[in-house]
Amino acid sequence: MLSEIIVSILIFIGTAFSFLSAIGLIRLPDVYTRAHAASKSTSIGVLCILFGTFLYFLLTEGYVSIRLILGIFFVFLTSPVVAHLLNRAAYRSHVELAKESIQDDLKEYIKRTES
């Protein structure tokens, strides 16, 4: 009974984070903040859902799923890297920042390295 409650809470938290990520993709103003929403909250959401599923099979059936462990590992490893590379490619392609952005710390560094 307690294991089912814990698994349900983890899956609910993962679903809530994934939903917030979808809202962030719609509401945020530019590609940089959207990539942040997509990478951070979706990663946490998917990790909570996969970990809840892993716990369910472990606690109810005594089954350790290597596929779920690998899924957790690869999501944890690849999502931040992909978001960073997408933001970097967008910045190098001169995609404008949102009007609300206060400062651009990378601009001076890029100018120095290109000179």
Side-chain angles (χ1 to χ4, degrees):
M1 180 72 176
L2 182 62
S3 64
E4 291 176 0
I5 293 172
I6 293 171
V7 167
S8 299
I9 289 171
L10 279 172
I11 291 176
F12 177 74
I13 289 171
T15 305
F17 271 105
S18 296
F19 180 71
L20 288 174
S21 176
I23 291 173
L25 285 173
I26 294 170
R27 298 278 307 186
L28 293 174
D30 62 354
V31 68
Y32 307 107
T33 55
R34 288 178 185 159
H36 179 75
S39 68
K40 303 297 182 205
S41 57
T42 303
S43 296
I44 292 172
V46 170
L47 290 174
C48 284
I49 291 171
L50 288 176
F51 188 66
T53 306
F54 175 78
L55 281 180
Y56 175 77
F57 284 118
L58 181 66
L59 297 175
T60 59
E61 298 178 14
Y63 176 71
V64 176
S65 176
I66 300 299
R67 289 181 183 168
L68 285 172
I69 293 172
L70 286 173
I72 291 169
F73 175 73
F74 284 121
V75 166
F76 186 70
L77 181 71
T78 59
S79 181
V81 174
V82 168
H84 174 74
L85 291 175
L86 285 173
N87 280 335
R88 185 176 178 145
Y91 191 84
R92 297 254 182 192
S93 299
H94 305 290
V95 175
E96 292 294 323
L97 295 169
K99 294 175 188 173
E100 297 87 14
S101 297
I102 297 173
Q103 70 186 51
D104 184 5
D105 292 334
L106 193 55
K107 189 175 192 177
E108 294 299 321
Y109 179 76
I110 296 290
K111 283 182 182 179
R112 281 188 302 196
T113 58
E114 289 179 352
S115 298

With distance as the sole test, does Thr60 use its side chain to make a donor-acceptor pair with the main-chain N or O of Tyr56 at under 3.5 Å? yes
* To do: Give the C-alpha distance, both sets of side-chain angles, the deciding distance and a yes or no for side-chain contact (heavy atoms from CB on, under 4.5 Å) between His36 and Asn87.
  => CA-CA 9 Å; His36 179 75; Asn87 280 335; 5.6 Å; no
Rounded to the nearest 0.5 Å, the CD1 atom of Ile110 sits from the NE2 atom of His94 at a distance of 9.0 Å
I'd like to know if [Y] and [X] are part of one continuous hydrophobic network [Ile/Leu/Val/Met/Phe/Trp/Tyr, side-chain heavy atoms within less than 4.5 Å].
| X | Y | answer |
| --- | --- | --- |
| Leu97 | Leu85 | no |
| Val81 | Phe76 | no |
| Tyr63 | Leu50 | yes |
| Val46 | Ile72 | yes |
| Leu47 | Ile44 | no |

Closest non-hydrogen atoms of Phe57 and Leu68, given as atom of the first, atom of the second and distance, are CD1-CD1, 4.1 Å
Heavy-atom closest pair (Ala90 atom, Val31 atom, distance to 0.1 Å) is CB-CG1, 3.9 Å
| message | Are there over 12 heavy-atom neighbours, none belonging to Glu96, within less than 6.0 Å of that residue's CD? | response | no
Query - Flag if over 12 foreign heavy atoms under 6.0 Å of CZ, Phe54 - result: yes
What donor-acceptor contacts under 3.5 angstrom involve side-chain atoms of residues 1-29, with partners at least two apart or in another chain?
residue, atom, partner, partner atom, Å
Ser8, OG, Glu4, O, 2.7
Thr15, OG1, Ile11, O, 2.8
Ser18, OG, Gly14, O, 3.0
Ser21, OG, Ala37, O, 3.1
Ser21, OG, Ser41, OG, 3.4
Ser21, OG, Thr42, OG1, 2.5

- Message: Any heavy-atom pair between the side chains of Asp104 and Tyr91 that's under 4.5 Å?
- Response: yes
Notebook entry, point to check: Taking side chain as C-beta onward, heavy atoms only, is Ser39 less than 4.5 Å from Ser79?
Noted result: yes
Original post:
Going through the checks in order, is the side-chain contact (heavy atoms from CB on, under 4.5 Å) test met by Tyr109 and Asp105?
Top reply: CA-CA 7 Å; Tyr109 179 76; Asp105 292 334; over 6 Å; no
Sequence neighbours excluded, the answer for side-chain hydrogen bond (donor to acceptor under 3.5 Å, both in side chains) partners of Glu100 is none
Those residues at least two apart in sequence (or on a different chain) that pass side-chain hydrogen bond (donor to acceptor under 3.5 Å, both in side chains) with Thr53 are none
(message) side-chain contact (heavy atoms from CB on, under 4.5 Å), that's the test. Do Ile69 and Val64 meet it? Break it down for me.
(response) CA-CA 9 Å; Ile69 293 172; Val64 176; 4.0 Å; yes
